[in-house]
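Taking it in order: structure first as structure tokens, then the write-up.
So you know, we letter chains A, B, ... as the sequences are listed, proteins then strands, and number each from 1. Keep in mind it's a predicted model, so treat the numbers as computed, not measured.
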There are 2 protein chains.
Amino acid sequence: AALPARAEGPVIKWRLASSFPKSLDTIYGGGETLAKRVAELTDGRFEIRVFAGGELVPAFGVLDAVQQGTVECGHTASYYYYGKNKALALETTLPFGLNTRQLTAWVLADEGMRLLRELFAEYNIINFPGGSTGAQMGGWYRREIHSLEDLKGLKIRIPGFGAEIFSRLGAVPQSLPGGEIYPALERGTIDAAEWTVPYDDEKLGFHKVAKYYYYPGWWETGTHLVFYVNKDRWAELPPSYQAAFEVAARDAHLSMLALYDAKNPSALQRLIAEGAEFRRFPDDVLLKAYEAAHAFYAEESARNPAFKQLYESMMSFQERADLWWGVSELPMANLRQALRRKR
Amino acid sequence: AALPARAEGPVIKWRLASSFPKSLDTIYGGGETLAKRVAELTDGRFEIRVFAGGELVPAFGVLDAVQQGTVECGHTASYYYYGKNKALALETTLPFGLNTRQLTAWVLADEGMRLLRELFAEYNIINFPGGSTGAQMGGWYRREIHSLEDLKGLKIRIPGFGAEIFSRLGAVPQSLPGGEIYPALERGTIDAAEWTVPYDDEKLGFHKVAKYYYYPGWWETGTHLVFYVNKDRWAELPPSYQAAFEVAARDAHLSMLALYDAKNPSALQRLIAEGAEFRRFPDDVLLKAYEAAHAFYAEESARNPAFKQLYESMMSFQERADLWWGVSELPMANLRQALRRKR
């Protein structure tokens, strides 16, 4: 027979503002996993209600809402706040940067968390990794990209660092909310659009109007989501409730990647069956994008000390981590692809 | 000001038998992470004391001890119990099988957990993923392996499935506990030995007596550790303590991989500085090993329904997952290696 449930702790009710719509169940589900686990860990006495993007505050207003205490916590992607300080975007991903496992290792087991918490303290926020999509795709194109020349004048829906780099390659980046992308692509108002990974891209139906699906998605090499908590509200929690939030966030981080890794493969098969055609970006595009990215990082580092500090720490970690990757995961993965082709 | 700590739950004290020595701090630390988190989540009222391999029960006696209730829980690797049922080894890793992220996805977000829990129920055990090393190395060799011919008669310390496959390639696998490997390698009693990953291999000093360090470690493509809990003891826990154990185990799983990913790169650099030489296994060795592995899986599947069920589920998942890997993580990782060489 089970022992009796333990006695009561304080009842605490928080609201979590998500940047995501419920339709994107895996990414939105990160907030729900957090809330469910926190409730289980506290016999339901620490209750976190999850609100989809736009319900309480605008989808891209989560940082402001948490900073100002409009809500106690949020679930978002830090690169949405690129306009405040480009250093914030490094919490999410960096073009040609760390892959998901490396980014998680840099945050949890190297100096990433300490440096990021110093940055977020300026916003009265404490941050926790809040899930990952893994490496993303390079988006949907109405026509094939054969060389750098084909990027000239290309109208592509892409935000943040990716837009900065595409612009330096001669493309014309567009900023469009999720719901406006499909009609613009269908009408030909734009030539291409990037979103995330097959499981989510499939829901938005881009393959029906732009069949070329490009890889690798070099501007999102291992995208992290994040939980934000207002520091004053955090300080009011009993230690075991703080532990509940922190460990529940770890579970949400782990679980989201597992869900994407389990769902993307089947979505990929369905997209292929419906006519999507996979293409690798040409080498000259990849090389020029890499050079443009590093030129941009040098410029930003020269004018932004917060960016410089995070960027240099990540690059130093990546240099070592890629050496290890090159004799472990990578040769094994290449071998498996070769054996698969042989069958 | 902080709210008051919540009132008391029942005081519960458990013992955790680890299979690992304290000297292997990252892998042993999985048990400590679990215990620390469970204590934080329950205001110290659910206490798990961690005992190193051999302290309470033999290092490879953890399954028996948990099954019999000698201890309430354990931290181990299921392939140690290969002799009881080869299906148990599939919980840990499979030669040429899923990588770490894929294995975690299969367990947490596909049908892996359900199938594994059915298997462990036969031992009165409930299992939780308990950390990962990532892809391992292929071990240390006193002389170079130029072709399949060089494996004939090679005395190599290797356990489990790996031993089975090496034996089919003409090698002579040896079973030696960790502490006896170095002297045997130094004296030339054995020609080669595999252990795990650079951070742990370095501690055992193999590079001083066998400088060729081979990759990829095709028999451990993403090794999972595991927590075992006696099912009767589990049923006695209050729901919030069950949640505490489960979520703390998730954190231990995530944290161990992050720690290895952060520590292996520096260990690799130190090993190179001390004279270790990296070599890739020749193609004919890899191909014959792959064929031998699959012959063995077919034989084992024919005589062992539990093995067959798990194996087929993993292979079906891998088929889909590798297709996705081939247009996401893999091309990005290959690109980064190419760019690194270009600099």
Side-chain angles (χ1 to χ4, degrees), chain A residues 2-3 5-10 37 40-41 43 99 101-102 104-105 108-110 134-135 215-216 218 221 236 238 240 243-244 247-248 250-251 253-255 258-259 261-262 264-266 268-269 278 280 286 290 320-333 335-337 339-340, chain B residues 2-10 37 40-41 43 99 101-102 104-105 108-110 134-135 215-216 218 221 236 238 240 243-244 247-248 250-251 254-255 258-259 261-262 264-266 268-269 278 280 286 290 320-333 335-337 339-340:
Chain A
L3 293 169
R6 60 185 149 162
E8 299 184 356
R37 286 300 199 186
E40 288 172 2
L41 291 166
D43 290 311
N99 68 28
R101 254 176 65 181
Q102 293 168 339
T104 294
L108 298 186
D110 195 75
Y215 67 87
W218 45 265
T221 60
E236 291 167 358
S240 65
V247 183
R250 292 283 182 104
D251 186 17
H253 187 70
L254 178 70
S255 300
L259 285 164
D261 284 345
N264 278 325
S266 303
L268 192 68
Q269 291 178 312
F278 285 74
R280 184 176 176 276
L286 293 168
Y290 178 78
R320 296 191 300 279
D322 275 355
L323 187 67
W324 166 230
W325 214 260
V327 295
S328 56
E329 298 291 343
L330 185 56
M332 193 63 221
L335 173 63
R336 282 161 52 197
Q337 296 286 334
L339 292 167
R340 196 161 66 88
Chain B
L3 292 169
R6 59 183 152 168
E8 299 186 356
R37 286 300 199 185
E40 287 172 2
L41 291 165
D43 290 312
N99 68 28
R101 253 176 66 181
Q102 292 169 339
T104 295
L108 299 186
D110 195 75
Y215 66 87
W218 44 265
T221 59
E236 291 167 358
S240 64
V247 183
R250 293 282 181 102
D251 186 17
L254 178 70
S255 300
L259 285 165
D261 284 345
N264 278 324
S266 303
L268 192 69
Q269 290 177 313
F278 285 75
R280 184 174 176 276
L286 293 169
Y290 179 78
R320 295 190 301 279
D322 275 354
L323 187 66
W324 166 230
W325 214 261
V327 295
S328 56
E329 297 292 343
L330 185 55
M332 193 64 221
L335 173 63
R336 281 162 51 197
Q337 297 286 335
L339 292 167
R340 196 160 67 87

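Of the inter-residue distances, the one linking B/Met332 atom CE with A/Thr221 atom OG1 reads 6.0 Å to the nearest 0.5 angstrom. Atom CH2 of B/Trp218 sits about 11.5 Å away from atom CG of A/Leu339, to the nearest 0.5 Å. Atoms CG and CG, from B/Leu254 and A/Leu108 in turn, are 5.5 Å apart once rounded to the nearest 0.5 Å.
With a threshold of 4.5 angstrom between heavy atoms, B/Glu329 approaches chain A through its backbone and through its side chain. Looking at B/Arg101, both its backbone and its side chain come within 4.5 Å of chain A, counting heavy atoms on both sides. Only the side chain of B/Leu335 comes within contact range of chain A, judged by heavy atoms closer than 4.5 Å.
Comparing A/Leu286, A/Val327, A/Asn264, A/Leu323 by how many heavy-atom pairs each has under 4.5 Å with chain B, the most go to A/Val327. Contact tally against chain B (heavy-atom pairs below 4.5 Å) for A/Asp251, A/Asn99, A/Asp110: the top residue is A/Asp251. For the set A/Ala105, A/Ala244, A/Ala248, the entry with the most heavy-atom pairs within less than 4.5 Å of chain B is A/Ala105.
A pairwise comparison of heavy atoms in A/Ala135 and B/Trp324 identifies O-CZ2, 3.8 Å as the closest pair. The shortest heavy-atom contact between A/Gly326 and B/Tyr215 is O-CE1, 4.3 Å. Of all heavy-atom pairs between B/Ser328 and A/Pro216, the closest is O-CB, 4.5 Å. In terms of heavy-atom proximity, B/Pro265 sits nearest to A/Ala321 at CG-CA, 3.8 Å.
Side-chain atoms of A/Gln102 never come within 3.5 Å of backbone atoms of B/Asp261 as a donor-acceptor pair (strictly under, hydrogens ignored).
Listed by chain and number, the residues in a side-chain hydrogen bond (donor to acceptor under 3.5 Å, both in side chains) with B/Thr104 are B/His224, B/His253 (sequence neighbours excluded). Not counting sequence neighbours, the partners of B/Leu259 by the side chain to side chain contact (heavy atoms under 4.5 Å, CB included) test are A/Ala109, B/Thr26, B/Lys263.
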(message) Walk me through whether A/Arg250 and B/Arg37 qualify under side-chain contact (heavy atoms from CB on, under 4.5 Å).
(response) CA-CA 12 Å; A/Arg250 292 283 182 104; B/Arg37 286 300 199 185; 3.9 Å; yes
